[in-house]
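So that the names make sense, note that chain A is the first sequence line, chain B the second, and so on, each numbered from 1. All values below were derived from every heavy atom in this structure, side-chain atoms included, with hydrogens, water molecules and symmetry-related copies excluded.
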Amino acid sequence: MSGISLQSVHKYYGAFHAVKGIDLEIEDGEFVVLLGPSGCGKTTTLRCVAGLEGVSQGRIDLGMKTVSTAELSIPPEKRDIGMVFQSYAIWPHMTVAENVAFGLRLKKLPAQDIARRVTTALRRVGLEHLAGRGASQLSGGQQQRVALARAIVLEPKVLLFDEPLSNLDAKLRERMRFELRQLLQGLGITSLYVTHDQQEAMVVADRIVLMNEGRIEQIGSPHDIYYRPSTLFGAEFVGLANRLRGRLVASGSHSRARLANGEEIAAGPTTVPVGTEVELIVRPELVELSTNNPGGEHVFRGKVETSYFLGNIADLYFSVLGQQMRGQLSPPNRWESGQDIWVRIDPAHVLVFPVSATASTVRAA
Amino acid sequence: MAIFAIRTSENPAGDFRLAQMKEQRRAARMQRWFGPERILWIILMVVVLAVSIAPLVFAVDASFYEETKVGLSDKRSLDAVINVYFSREYLGYLLNALALSAVVTGLSLVVGVFMALLVARTDLPRKGLMELLVIMPLFVSPFTGLIAWIALGSERTGFINVAWVRFWQVFGVDAGPLVNIWSFGGVVWVMFLFFCPFVYLFTIGAMRNMDASLEEAARASGAGPVYTLTRITIPMSTPAIFSAGLLVFILAAELYTIPGIIGTNAGFTTLPWKIYEDSTAFPVHRAHAAAAGTMILWIALIGLLLQRRITRRSERYVTMGGKGFKGQLLPLGGLKWPAFAVLALYVLSADILPLVSIMLSSFMRFSSATISLDLLTLDHYRTIWNLPDVRSATLNTFILAVLSGAACVVIGFLISFLEVRRSGRGARLLATLAVLPAAVPGMVYGIGLLWLYLRTPLYGSIWILLLAMIAKFLPYGVLVSRSGIMQVHPELEQSARMSGASPLRAVRAILMPMVKPTMIALLFFVMLQSIKELSASALLYGRNSQTLSVLTWHYMDGGEYQFASAVGVVQTVLMIGLVLLTRAAFKVRLERVMASE
Amino acid sequence: MRTGIRTLASMAFTALLAVATTLHAQEMPDPADEAALYDMAKSEGSLVWYSGGALDTTKAMATAFQKKYPGIQVEVMRLPGASQYQRFMEEVAAGHDIADILWLSDHPSMVALVDDGMVAEWKIPTHDRFDPRYLMGQSAYAFNRVDSVIIYNENLVTEEEAELLRADWRNVLDPRFASRFAVTSAKCGACYAPISLFLDPAQANTYPEDFLEQVGAQKPAVYGDFIAMVDRVVAGEKDFAYWSFESIAATRRAQGAPVRWVYPQPTPAFPSTWMAISATAPHPAAARLFLNWMGSEDGALSLQRDYYSKPTLQGVEDSRSFVSEDWYQPPAELYEVDFEHWPERYETDMARWVKAIQQ
């Protein structure tokens, strides 16, 4: 097993600059997720690691071995990588066992070894009983498992996943996340996983690499990515976000911003200079709402516009500070439209991002 | 590279790695320029240039010479081109050809799409049989079909009219003739019968692959079956319908036999017939013929480019064995049998009547409106049995069919593979060049090939015919295998690569088995086409390289319609035998797989 | 680029031709020395005949020759229309000497071949028994003649009507024939013969200026293909064809078709096919032997029997089967086609004809 190292990797398709300098070190045995909206270059990056695409610039190492540079590309079959594709890519003209055994047969292993390893791999994914079935007769979830078994049976140094769960229905998708995570923790294979689904990323990842427009926006643990987004993009892409537009009137560990309606609001720490146009981001679940004035600072008057009962939470749209905000409350008490409420916004939960500066560092101290 | 140098200089192990990298880089460069796929591309390019493009260049070039009474002189001249492109006469013929082509295309589209809809999306009865019968006309050469319809549909003596008039006589009614093939309508009718299967074949795949839930949504919104088919299914298949229409338009615009022989009777001369006259009748106008050929070439080229644009827009990967949702077929209800009747009428006109007519002819001493015992003879078949020419022509036909089929499959697959899987400008160019001859009238092509290979030992042998057939049918090879390959999701091969397979291995173990049915169907389709091929063969045959088509044409040209019919029957039997063989031996249903674009 | 190749090839060819012709001229025995010629021909073993005629009649004649001269295989390659001249010229220029005997129906093409020295001179023993109009010096021979006839379906045309048509070409304008007959717009040398008669300035008194247009006004059915037209008369679709050729009509009748024909007066007689020996024939002796045979009474018999054609060899009895049938009347008066003005008039005259019938 080995780590993966990407050093200023660029990829052009003609004039289109798909990947704009990715630097990433993945530890041995680590599970890293590339997360981002479609078209952000995450799949291209993955395919570069796989060797299915050449890199235009930069370098990719697997363990101690350089596998990709602008001039050189070790073919995928020589990289010792397993990969699970979005379409599963199960060969319909083979049985389940034949699909899994394909790579072992190429290695010309003895027949018993092949049988043993195929059985083990199928048992791992819980498909032992379907070994003899034609691959075209499988359900989506089963195909997905076959693809996984096929990838792990070769005991590769690195496993790559290209949106492996996106074709499954919601329930199955959720279950597979956990199974996948458990399986891979057991195997301890270095994994690089591409998805646009943030919840999926949160569940499976040791570290998340947030990508946008061919660049890395942020690298961090799921917790960091969620609570300490380094960019406005990150804050908005991961989780829900209320946006308040204002001008910074105080900077530093206790910043303040003046909103369009003239009111001032206290915000979290920032190094953005005073006077800058800023976006303030508040997560809906961190907004505190009450029917009575709780007293103290950072409390504003508001009015409920609409509310939805979602079972575990209540989703609430209300007006405050001259604009609409959204809150998610648990437990889901009953809220009436038009009801007067008190809104408390804890400055520690108000993230400050300068307007029009995408990659500016606003890191909490 | 600067970044790389700095990094390595910081790294104690860097020197070694630098050297290793340099070595790898050189190997990589070598691989890129002289890798197997590059070499493959070069070989394919040479083949395509020599077989498909060079004859075309020669054929076009012929329009830029001065004409003599008997051929071309050595002097360059623009006279012919100017004469053809700016004369009212030739432009008139061109307009005639375009008008005819448009009418034939329109009719073929209406009926072909209708039949495809019925077969693909509805619960039409006897579907399995109909599927095969509808494409049967592809296995009969249009020339043979024309002779059959002359016997069937002549105003006074056609079997149909004779039967019609006699039928009414029984009731004491003096009925006039029912049909007249010697008219503009007759030209359209015969051409329509033979081009309709192309529309059917090229549209049914799109309709079959369509997500049935779209139709079901329409039904759920209260639409009846007819409304659903016309407002949902047909619009969804527009790109396929458009391509089919263009194909038929091109084929119809370059056909000379049917419009020439029966169109003249209706006072209707088309450009292809004029080309035929210019190049075969005294005094020949070879430069004019070549220049007029380029006119058709332009039209075909424009069509081909349009088609490429439209299909490219619509080309989407369809995952095999994926979640393709096939829903219920539309129940036709009370329309079931009327719809079946329309199909049956087509099958009657395009398959049964011509075949019966041609069979009858083959037993007759001479053309006649009525059949009596003393008119019948087995002589034609006896002659066929004893004539060495027929035997050698059958053998040649068979050899050519097998080889051209195999060549088109292999070359077509390789070209499409490069185009679809290694999408680069070079691969696209290769595919475009290989498809180009689809747009070239066979006659123009034959002239070019003749000039090109005149000075080689290939001349006069069956190999020059083979080249012509490869060039002519390679477009089908490329297009059909392209759609076959496109249906195999590239990730299927990529996952083989990830399992440790080399590129070649991935193609052999994954792609090839998956496209095998398509390729077998393609093989037999090309074989059938080459058995029928006449327009280029008639120019290229030598004394030891006659084919059945050429032989039929000789007898037809010499007035022996009945003997020609007998040879035509042999040819048709051979083709139907091939179709049945594909079913029995390869379990491949030609009518299904060919229609899976 | 191709011009270069073509020029080069034709230069090489000319040199080759010079050598070849002298060689052949020296080698060949006296045309009358049949035994010596046959011996040489046998050692060559075969010959290739490019024929513009129908495949089966050509084969039948080839078989007749083979029967007379065993040991010489005749390979027939049918090249109709203008294609024979084209193919032959291109082959020779490219150095492919394949053809021994050329047999084509286009007068100007043969003139060109003779003028360019593409065909060999060979004085057959019966040379002097031919009218000079059927010879091009000693280079090309028209061994048979095509007479223009009106072919009619005997079930549809009465004897009286046939008599009318025989009497005069102009009688086709009789109202009773309107819409009953077929014509062709096909362009071929022999098809042109009657047109050349109608438009012959010397005949202006007989045929009115607008005679072709008057024929067109009779609303004939127009066929683009000569053979298709005759076939439709055979089947009874049309009552008669306003001219076909004697040999085609006779072939149909021999098959049992209900057709007869008349030779309207005057009957254009036309040297239909010209035969010659390629100057670069790969089997020169066999080719010469064949030409001798075609010009002999034996060849004339074969032309009558296998081709139903009229030999031009003088002093041969007409042995064709239909001659003895009671309806048959040989042509009374011949019109000799004017070949002098043929090339310059052909195209415009044909164009006028096509326009007249398609009105």
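- Atom CH2 of A:W91 sits about 10.5 Å away from atom CD of B:E493, to the nearest 0.5 Å.
- Around CZ of A:R123, the count of heavy atoms belonging to other residues, nucleotides or ligands within 6.0 Å exceeds 12.
- Heavy-atom neighbours of A:R173 CZ from other residues, nucleotides or ligands within 6.0 Å: above the threshold of 12.
- No more than 12 heavy atoms of other residues, nucleotides or ligands lie within 6.0 Å of CD in A:E27, so this atom counts as exposed by the packing criterion.
- Atom-to-atom distance recorded for B:M498:CE and A:R150:CZ is 10.5 Å, nearest 0.5 angstrom.
- Taking each heavy atom of B:L492 and A:I90 in turn, the nearest pair found is CD2-O, 3.2 Å.
- Across all their heavy atoms, B:A509 and A:M94 have their closest contact at O-CE, 4.0 Å.
- Scanning residues 110-119 of chain A against chain B with a 4.5 Å heavy-atom cutoff picks out nothing at all.
- Here the side chain of B:E491 pairs no donor or acceptor atom with the backbone of A:F85 at under 3.5 angstrom.
- Heavy atoms of A:L52 lying under 4.5 Å from chain B belong exclusively to its side chain.
- Shown here for B:G500 and A:L106, the closest heavy-atom pair between the two residues is C-CD1, 3.6 Å.
- At a threshold of 4.5 Å between non-hydrogen side-chain atoms, the residues B:K516 and A:H93 do not count as touching.
- With chain B as the partner, the residue from A:K78, A:Q137, A:Q86, A:R79 showing the most heavy-atom pairs under 4.5 Å is A:Q86.
- Considering CG of A:D162 and OG of B:S495, their distance stands at 12.0 Å, rounded to 0.5 Å.
- The structure places NE2 of B:H489 at 11.5 Å from OH of A:Y88, a figure rounded to the nearest 0.5 Å.
- Distance check: B:Q494 CD to A:E77 CD gives 12.0 Å after rounding to the nearest 0.5 Å.
- The parts of B:A496 that come within reach of chain A are both its backbone and its side chain, each placing non-hydrogen atoms under 4.5 angstrom from that chain.
- With values rounded to the nearest 0.5 angstrom, A:N99 atom CG is found 7.5 Å from B:I510 atom CD1.
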